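Report on the following structure.
Just so it is clear, the model here is predicted, and its values are computed rather than measured.
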Amino acid sequence: MAERYVMSIDQGTTSTRCILFDRRGRLCAVAQREHQQYFPRPGWVEHDAVEIWRNVRRIVPEAMAHAGVDAGDIAAVGIANQRETTVLWDRRTGLPLGRAIVWQDTRTAPLVDALRDRPGDEFFLDRCGLPPSTYFSALRIRWLFDHVEGLEERARDGEVLFGTMESWLIYNLTGGTDGGLHITDPTNASRTMLVNLRTLTWDAELLDFFGVPRPLLPEIRSSAESYGEARALLPGVRITAALGDQQAALFGQTCFSPGEAKCTYGTGSFLLMNTGTDLVRSHNGLLTTVAYKIAGEPTVYALEGPMAVTGSLVQWFRDRLGLISTAPEIETLARTVEDNGGCYIVPAFSGLFAPHWRSDARGVVVGLTSYITKGHLARAVLEATAWQTREVVDAMNADCGLALRQLKVDGGMTSDNLLMQLLADVLDVPVVRPLVAETVSLGAAYAAGLAVDYWADLEVLRRNWHRAAQWLPAMDPRRREEEYESWQRAVERSLGWVRPPQPPG
């Protein structure tokens, strides 16, 4: 019998990829296209959802052509997506009502401040596990209602649909205005601030609070189940999985047991720890979220610590300061010195995410002296990612009592061996990188394949995971804690930043 494949569509923040995997979890073909980033005002970040769908229409045939297969060779399709990015579209025409508002966008900061004053964090944490933040979708919906004339009324009349990117793609793949499915999964729905984490249903009290009408919202289905057949691009092929990108990476790293954790190091970084079927409420600045929900099985939860600026700090070092020409050069430059020379960088370019959740924090460079060279700055850039990770891991250990024993890593920054060693040193645990680097895409494929019995169970997926590299702790414990204290003092400077007086007019 001819080999069949599982297809993953990974819709990310800067590009969209289509990858085919075989039964051993090996990447067999890939096609990728970037999409434009729009920055219409300071703090605003937008995408064109039509452009993203157009890119999907191009890369799916490209990937199949690379593998020499057609739709009949595809067992199932899974979708991973940038979470929280919000798109509203017209139910009748199927066209977006403006550009999608990206998860990085901070235009809703005034709403966040108001929510923290009243009703306060506890109101939301008790229901959806999330604190008020510019990160989540409900505030973007509310902002659009408040700024686009007639939109809220149209939504109440059932003329408008909301979704994150997986909803938008599934809708178009399954027919669009001609019967397209309007669905999401719990990993994405749980990032809206509109879902009750215990029941995995839209919460009536939260909908009422934000003024979001129920007809606007997609149906919540399991992360792995047969949703329906594609009608565009892949006629007859079943779409059987959807996961937010970070939960997909957790799944692709086969972190199926409580206490297992992964961190994806990209533009931002996201550390997730599986807490099993226990919904662990964080008291230390983390997010309680859905890890995955396989049809017919109990919901699996996770604690998450998002870090907004990690890889993008390297990009800033390259593009804004001009101290390197390519991102990989930062490792070479950082290795020209033995330590950071007492210099620390806190990259709060748009505030700090976990565990602080302070949108008013600003980036600081602490410890500058005439001794500092660009090598020291390069090392401080890399250490900023390591120390942010340490803050999140400390919070996770305190919240769930499951001390981290190993950190699985993935993402573009993991090619930096110095950074990986720094992580092992500051966390005091082994850091391991898998053989298959595309863990987001792989996780979506694994969930899709499970839903159609392409893979029998989770243990088969565990056997597919292989280690490519490992870094062990080597730093003196006393030095580690002294440097961590210095980092924390730098963070205090960031949190204590005061906006300077604005000139009149």
task = State, to 0.1 Å, how close Cys28 and Phe21 come at their nearest heavy-atom pair, and which atoms those are.
result = SG-C, 4.4 Å
inquiry  = Can you confirm whether Tyr171 sits close enough to Pro218 that some side-chain heavy atom of one is under 4.5 Å from a side-chain heavy atom of the other?
reply    = no
key: Whether Asp245 side chain and Ala80 backbone form a donor-acceptor pair below 3.5 Å   = no
key: Over all atoms of both residues, closest heavy-atom pair of Gln32 and Ser15   = NE2-OG, 2.8 Å
task = Look at the side chain of Asp410 and the backbone N and O of Ala437, then say whether any donor-acceptor pair between them is shorter than 3.5 Å.
result = no
note = Here the gap from Met307 atom CE to His356 atom NE2, rounded to the nearest 0.5 Å, amounts to 11.0 Å
note = Value for SG (Cys18) from CE (Met64), rounded to nearest 0.5 Å, stands at 7.5 Å
key: Close side-chain approach of Trp487 and Glu383, heavy atoms under 4.5 Å   = no
ask   = Can you tell if the side chain of Phe136 reaches within under 4.5 Å of the side chain of Thr108, non-hydrogen atoms only?
value = no
Residues forming a side chain to side chain donor-acceptor pair (under 3.5 Å) with His66, sequence neighbours excluded = none
ask   = How about Phe270 and Tyr265: are their ring centroids closer than 6.0 Å?
value = no
query = Does the side chain of Asn397 come under 3.5 Å of the side chain of Asp394 through a donor N or O and an acceptor N or O?
reply = no
request  = Ignoring hydrogens and angles, state whether a donor on the side chain of Ser8 or Asp10 is under 3.5 Å from an acceptor on the partner side chain.
outcome  = no
query = Any chance the side chains of Ser486 and Arg489 put a donor and an acceptor closer than 3.5 Å?
reply = yes
key: Euclidean distance, Leu250 CG relative to Lys408 NZ, rounded to 0.5 Å   = 9.0 Å
task = Please name the pair of heavy atoms, one in Val366 and one in Ala490, separated by the smallest distance, quoted to 0.1 Å.
result = CG2-CB, 3.9 Å
ask   = Is there a side chain to side chain donor-acceptor pair (under 3.5 Å) between Asn417 and Gln421 once you walk through the steps?
value = CA-CA 6 Å; Asn417 293 310; Gln421 184 59 55; over 6 Å; no
query = Using a distance-only test with no angle check, is there a side-chain donor-acceptor pair under 3.5 angstrom linking Glu84 and Ser137?
reply = no
query = So, does Arg83 use its side chain to make a donor-acceptor pair with the main chain of Gly244 at under 3.5 Å?
reply = no
message = Measuring only between side-chain heavy atoms, which start at C-beta, is Arg54 closer than 4.5 Å to His35?
response = no
Side chain to side chain contact (heavy atoms under 4.5 Å, CB included) between Leu173 and Ile79, intermediate numbers included = CA-CA 11 Å; Leu173 282 166; Ile79 297 175; 4.0 Å; yes
message = A cation-pi test, strictly: NZ or CZ of Arg107 under 6.0 Å from the centre of the six-membered ring of Trp143 and no more than 45 degrees from its axis. Yes or no?
response = yes
message = Given 3.5 Å as the limit, does a donor-acceptor pair link the side chain of Asn274 with the main chain of Cys255, or not?
response = yes
request  = State whether the side chain of Thr288 and the backbone N or O of Val280 hold a donor-acceptor pair below 3.5 Å, judged by distance alone.
outcome  = yes
ask   = Between atom CZ of Arg390 and atom CG of Leu271, what is the distance when rounded to the nearest 0.5 Å?
value = 13.5 Å
query = Taking all non-hydrogen atoms of both residues, which atom of Leu243 and which atom of Asn81 are closest, and how far apart?
reply = O-OD1, 3.1 Å
task = Mark yes or no for whether Glu438, through its side chain, and Leu27, through its backbone, hold a donor-acceptor pair below 3.5 Å.
result = no
query = Do the side chain of Tyr301 and the main chain of Leu197 share a donor and acceptor less than 3.5 angstrom apart?
reply = yes
ask   = Hey, are the side chains of Trp387 and Val426 touching, using non-hydrogen atoms and a 4.5 Å cut-off?
value = yes
Ring geometry between Tyr135 and Phe353 (parallel below 30°, tilted from 30 to 60°, perpendicular above 60°) = tilted
query = Is the backbone of His283 close enough, under 3.5 Å, to the side chain of Asp399 for a donor and an acceptor to pair up by distance?
reply = yes
note = Tested for side-chain hydrogen bond (donor to acceptor under 3.5 Å, both in side chains) against Gln246, the lone hit among Arg191, Lys262, Gln82 is Lys262
query = Mind checking whether Val491 and Leu352 have side chains closer than 4.5 Å, heavy atoms only?
reply = yes
task = Give a yes or no on whether the ring-centroid distance for Trp357 and Phe124 is below 6.0 angstrom.
result = no
task = Could you tell me whether the side chain of Leu272 reaches within less than 4.5 Å of the side chain of Glu304, counting heavy atoms only?
result = yes
request  = Could you tell me which non-hydrogen atom of Glu46 sits nearest to which non-hydrogen atom of Arg99, and how far apart they are?
outcome  = OE1-NH1, 3.0 Å
Throw together a table of side-chain donor-acceptor distances under 3.5 angstrom for residues 311-323, partners on residues two or more places apart or in other chains.
from: Ser312; atom 1: OG; to: Thr267; atom 2: O; distance (Å): 3.2

ask   = When you check the side-chain N and O atoms of Thr184 and Glu166, is any donor under 3.5 Å from an acceptor?
value = yes
task = Apply side chain to side chain contact (heavy atoms under 4.5 Å, CB included) to the pair Leu422 and Leu382, showing each step before the final yes or no.
result = CA-CA 8 Å; Leu422 288 169; Leu382 297 181; 4.0 Å; yes
key: For Leu130 against Ser190, the heavy-atom pair lying closest together   = CD1-O, 3.2 Å
key: Any side-chain heavy-atom pair of Met273 and Glu260 under 4.5 Å   = no
query = Does the pair Asp428/Arg480 count as a salt bridge with the N-to-O cut at 4.0 Å?
reply = yes
query = Got a second to check how far Gln11's CD is from Ile52's CD1, nearest 0.5 Å?
reply = 4.0 Å
inquiry  = Checking side-chain hydrogen bond (donor to acceptor under 3.5 Å, both in side chains) between Arg479 and each of Glu482, Glu481, Glu483, which is the one that passes?
reply    = Glu483
message = Looking at Thr85 and Trp103, would you say the former's side chain and the latter's main chain have a donor-acceptor pair under 3.5 Å?
response = yes
message = side chain to side chain contact (heavy atoms under 4.5 Å, CB included) for Leu368 and Cys343? Distances and angles first, verdict last.
response = CA-CA 6 Å; Leu368 277 181; Cys343 180; 4.3 Å; yes
ask   = CG of Leu115 to CE of Met193: how many Å apart, nearest 0.5 Å?
value = 6.5 Å
Donor-acceptor pair, side chain of Arg140 and main chain of Thr86, under 3.5 angstrom = no
ask   = Any side-chain donor paired with an acceptor under 3.5 Å for Thr439 and Gln253?
value = no
task = Start with the C-alpha gap between Glu62 and Arg58, add the side-chain angles, then the distance that decides, and say whether salt bridge (Lys or Arg N to Asp or Glu O under 4.0 Å) holds.
result = CA-CA 6 Å; Glu62 287 176 13; Arg58 291 171 176 169; over 6 Å; no
ask   = On the ring face of Phe256, is Arg462 found with NZ or CZ under 6.0 Å from the centre and within 45° of the axis?
value = no
request  = Determine, step by step, whether Val69 and Tyr5 satisfy the side chain to side chain contact (heavy atoms under 4.5 Å, CB included) criterion, reporting the C-alpha distance in whole Å, the side-chain angles of both residues, the deciding distance to 0.1 Å, and the verdict.
outcome  = CA-CA 9 Å; Val69 302; Tyr5 303 90; 3.6 Å; yes
Between Trp89 and Trp168, ring centroids under 6.0 Å = yes
